[in-house]
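No hydrogens, no waters, no symmetry mates; every other heavy atom, side chains included, goes into these values. Chain A is the first sequence line, chain B the second, and so forth, proteins listed ahead of strands; every chain is numbered from 1.
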Protein chains: 2
Amino acid sequence: MGATRITAPAGVPFIDIEREFAAPRALVHRAYSDPELLKQWLGPRKYVMEIEVWEPRDGGRWRYIHRDADSAYGFHGVFHGPQTEERMLQTFEFEGAPGHVSLESVEFIDQGDRTLVRNHAVYQSIEARNAMVESGMEEGINDGFDRLDALMARLTTHEPAGAGAPR
Amino acid sequence: MGATRITAPAGVPFIDIEREFAAPRALVHRAYSDPELLKQWLGPRKYVMEIEVWEPRDGGRWRYIHRDADSAYGFHGVFHGPQTEERMLQTFEFEGAPGHVSLESVEFIDQGDRTLVRNHAVYQSIEARNAMVESGMEEGINDGFDRLDALMARLTTHEPAGAGAPR
């Protein structure tokens, strides 16, 4: 299983996350763009993931909710620019803190049978970036990427060649 | 006439702009939220400003075009979070470089008869911020703020008390 590298360099309002997956780029990209796949892996294991809208195209909107027995946490944003197998870009806003927005790009780097995912998030201030780091985001990212890893293993084992194409 | 302070600090992907206007906050805010006023001041003098859509509310869209005899330059984005007399927040994308997005907040700070406008823009990288600084943005900002200054002077002279309310 791959290792997740999370960096939050001092003095700049960035969080960078990298992880390599043992699956071709088209399939990894599908796990980010198809809500039926996305809801199987994104976020902490302790929540149920409900995707209300997920429109990965320029100007498209997204909204999802993480639920447990007691609470519901909503998140939403807007996709910006071309959304391709190489790169997605979206705004990200936790509904518990309206008006605190980050801008997040995901690059999918083709390495043949493997894909490197590079996430770059920029915050409105270094303080806002630090607050995100201190929020316990790491657990959610690791849970999510571990589940994505397992999902990729299932799909590359069970699907015929050309599995990256939309079904 | 007020002076515009533009700062682009080394090592962080920010551009900060401040200017004080001799008008009450409600009126300055109206000049940002009402497209009929906005088109009279925003951007370089050398272009004609055409506002296609301007929806300053959470999730609302905006798009405008700067035109001269030869060319047209489109810009668009989405408002994020509560849009109030204290603060607006939007994404900003030049259509000549799709997928290169910045996140821009404007704060309106009430100083009685005067208003301090504070613009904070954050870019996806320091390189993208530097490219914006080198693009000649300063001319557009100074032209715009000088025209906003003149517009505020006209409206505070000719309008009765309570001029900040929508007409």
Side-chain angles (χ1 to χ4, degrees), chain A residues 7-16 52-53 55-63 74-108 118-130 132, chain B residues 7-16 52-53 55-63 74-108 118-130 132:
Chain A
T7 52
V12 284
F14 301 145
I15 297 176
D16 288 284
E52 189 184 277
V53 57
E55 303 170 331
R57 55 177 170 73
D58 191 4
R61 294 176 184 276
W62 66 267
R63 179 167 192 261
F75 301 85
H76 70 258
V78 179
F79 293 97
H80 279 71
Q83 307 299 309
T84 69
E85 224 175 78
E86 291 172 14
R87 184 173 183 261
M88 298 173 74
L89 174 64
Q90 66 202 72
T91 53
F92 178 96
E93 188 174 359
F94 168 46
E95 295 172 6
H100 295 264
V101 179
S102 59
L103 198 52
E104 311 209 352
S105 65
V106 189
E107 281 181 287
F108 303 96
R118 267 200 193 137
N119 196 304
H120 177 70
V122 52
Y123 295 80
Q124 291 178 272
S125 66
I126 292 168
E127 293 72 23
R129 189 283 305 268
N130 292 347
M132 175 57 78
Chain B
T7 52
V12 284
F14 300 144
I15 298 177
D16 287 285
E52 189 184 275
V53 56
E55 302 169 332
R57 53 177 171 76
D58 190 3
R61 296 177 183 276
W62 66 267
R63 180 168 191 260
F75 301 84
H76 69 259
V78 178
F79 292 97
H80 279 71
Q83 308 299 311
T84 68
E85 223 175 80
E86 291 172 13
R87 185 174 183 261
M88 297 173 75
L89 174 64
Q90 67 202 73
T91 54
F92 178 95
E93 188 174 358
F94 169 45
E95 294 172 5
H100 295 263
V101 178
S102 58
L103 198 52
E104 312 209 353
S105 65
V106 189
E107 281 182 286
F108 303 97
R118 267 199 193 138
N119 197 304
H120 177 68
V122 52
Y123 294 80
Q124 291 178 271
S125 66
I126 292 167
E127 294 71 25
R129 188 282 307 268
N130 291 346
M132 175 57 79

Heavy-atom nearest pair, Tyr123(B) first then Phe14(A), reads O-CE2, 4.2 Å
For a quick test of your reading: what N or O donor-acceptor pairs under 3.5 Å do the side chains of residues 96-107 of chain A make, sequence neighbours left out?
{"residue": "Ser102(A)", "atom": "OG", "partner": "Glu104(A)", "partner atom": "OE2", "Å": "3.1"}

Honestly, the part of Gln124(A) sitting under 4.5 Å from a heavy atom of chain B is both
Hey, which of Val78(B), Asp58(B), Leu89(B) has the most heavy atom pairs under 4.5 Å with chain A?
Leu89(B)
Less than 4.5 Å apart, any side-chain heavy atom of Thr91(A) and any of Thr91(B)?
yes
Most heavy-atom pairs under 4.5 angstrom with chain B, which of Gly11(A), Ala121(A), Pro13(A)?
Pro13(A)
Name the region of Phe79(A), side chain, backbone, both or neither, that has any atom closer than 4.5 Å to a heavy atom of chain B.
neither
Identify, with sequence neighbours excluded, every residue that meets salt bridge (Lys or Arg N to Asp or Glu O under 4.0 Å) alongside Arg118(A).
Glu18(A)
